[in-house]
Amino acid sequence: MNQNIAHIAIVVRDYDDAIDFYVNKLGFILIEDSYQPEQDKRWVVVKPKGDGAASLLLARASSSHQESYIGDQAGGRVFLFLQTDDFWRDYAVYLEKGIEFTREPKQADYRIVAVFKDLYGNLWDLVQFTDGRS
């Protein structure tokens, strides 16, 4: 059996604002943006540059219940982990682009990590593993 996570849905308020953030601020690639007429919504997929297969499905909230989770999809915990091959390069670029970091960089025996917020407030780790793990 060969399985992997293809997409992770993240609830967003607005497709275009979310695309702008992920593509223009985080440097992700827009994989698909297509209208789904049968559901009157868009199928919007972005992913970080690199070899990883997992991507984000930017899913616009379609109810007040879903809207209540925008920015708090993990209950205040770090929600997603963005692995990089050069922490200090990406950290500097993100600071320059106005990304808000809530925890400053910390070096441990196996990684360098800092926590940032996405456009809605979900917490992410920017992490470079220094011991070969992923």
Side-chain angles (χ1 to χ4, degrees):
M1 180 183 308
N2 183 14
Q3 298 178 333
N4 63 66
I5 294 176
H7 309 296
I8 298 167
I10 184 167
V11 183
V12 302
R13 189 167 289 113
D14 179 85
Y15 292 119
D16 294 322
D17 290 345
I19 291 169
D20 181 60
F21 177 83
Y22 287 102
V23 171
N24 296 321
K25 292 213 174 193
L26 294 187
F28 284 23
I29 301 165
L30 179 62
I31 302 297
E32 184 174 354
D33 182 358
S34 58
Y35 181 63
Q36 307 293 306
E38 65 280 356
Q39 296 179 7
D40 191 31
K41 66 181 182 181
R42 288 160 62 185
W43 181 262
V44 179
V45 179
V46 297
K47 74 178 275 304
K49 293 176 182 170
D51 297 334
S55 59
L56 292 180
L57 172 66
L58 304 180
R60 188 184 68 201
S62 60
S63 68
S64 59
H65 177 74
Q66 289 178 9
E67 285 176 2
S68 70
Y69 289 94
I70 294 172
D72 193 24
Q73 296 202 165
R77 293 186 56 109
V78 168
F79 175 50
L80 296 165
F81 299 78
L82 182 59
Q83 182 177 346
T84 177
D85 63 347
D86 187 333
F87 177 88
W88 295 110
R89 174 200 64 214
D90 293 345
Y91 179 72
V93 167
Y94 288 175
L95 284 175
E96 184 178 297
K97 291 187 177 202
I99 301 297
E100 179 184 349
F101 281 85
T102 62
R103 285 187 228 145
E104 294 302 311
K106 180 179 179 183
Q107 183 138 10
D109 56 346
Y110 65 92
R111 53 119 170 93
I112 306 168
V113 65
V115 178
F116 69 92
K117 289 183 181 181
D118 69 14
L119 75 163
Y120 297 116
N122 292 301
L123 298 177
W124 289 63
D125 270 0
L126 175 63
V127 62
Q128 180 180 4
F129 294 103
T130 55
D131 68 350
R133 74 174 76 183
S134 61

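Numbers here simply count residues along the sequence, with the first being 1. Just so we're clear, the structure is a prediction, and the values are computed from it rather than from any experiment.
A distance of 5.5 Å separates CG in Asp14 from OH in Tyr120, rounded to the nearest 0.5 Å. The distance from atom CD1 of Ile112 to atom CG of Asp90, rounded to the nearest 0.5 Å, is 11.0 Å.
In this structure, the side chain of Gln128 engages the main chain of Asp85 through a donor-acceptor pair within 3.5 Å. Of the possible polar contacts, one joining the Thr130 side chain to the Tyr110 backbone as a donor-acceptor pair under 3.5 Å is found.
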Distance-only donor-acceptor pairs under 3.5 Å for side chains of residues 22-31, two or more places apart:
unit_1, atom_1, unit_2, atom_2, d
Tyr22, OH, Asp118, OD2, 3.1
Asn24, ND2, Asp20, OD1, 2.6
Lys25, NZ, Lys97, O, 3.1

Contacts table for residues 68-82: side-chain donor-acceptor under 3.5 angstrom, sequence neighbours left out:
unit_1, atom_1, unit_2, atom_2, d
Ser68, OG, His65, O, 2.5
Asp72, OD1, Gly75, N, 3.4
Asp72, OD1, Gly76, N, 2.8
Gln73, OE1, Val11, N, 2.4

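Screening residues 36-47 for salt bridge (Lys or Arg N to Asp or Glu O under 4.0 Å), with sequence neighbours left out, gives Asp16-Arg42, Asp33-Arg42. Applying the side-chain hydrogen bond (donor to acceptor under 3.5 Å, both in side chains) test to every pair with at least one member in residues 48-63, sequence neighbours left out, gives these pairs: His7-Ser55, Ser62-Gln66.
Both Phe21 and Tyr15 are assigned to one and the same hydrophobic cluster, defined by single-linkage of ILVMFWY side chains at heavy-atom distances under 4.5 Å. Cluster annotation: Val44 is connected to Ile5 through the hydrophobic network of ILVMFWY side chains, with a link wherever side-chain heavy atoms come within less than 4.5 Å. When hydrophobic clusters are built by joining Ile, Leu, Val, Met, Phe, Trp and Tyr residues whose side-chain heavy atoms come closer than 4.5 Å, directly or via intermediates, Leu123 is not grouped with Leu95. In the hydrophobic clustering of ILVMFWY residues, with side-chain heavy atoms under 4.5 Å counting as a link, Ile10 and Val45 come out apart. Taken together through direct or relayed side-chain contacts under 4.5 Å among Ile, Leu, Val, Met, Phe, Trp and Tyr, Tyr94 and Val127 form parts of separate hydrophobic clusters.
Val46 is listed as a side-chain neighbour of Leu58, based on a closest heavy-atom distance under 4.5 Å.
Between Ala54 and Pro48, the closest heavy-atom pair is O-CD, 4.2 Å.
Residues passing the side-chain contact (heavy atoms from CB on, under 4.5 Å) test with Glu100, sequence neighbours excluded: Thr102, Lys117. Every residue meeting the side-chain contact (heavy atoms from CB on, under 4.5 Å) condition with Ala114, not counting sequence neighbours, appears here in chain and number order: Phe87, Tyr91, Phe101, Pro105.
Atom CD of Gln36 sits in a crowded spot, with more than 12 heavy atoms from other residues, nucleotides or ligands closer than 6.0 Å. Residue Arg103 places its CZ atom among 12 or fewer non-hydrogen atoms of other residues, nucleotides or ligands, all under 6.0 Å distant.
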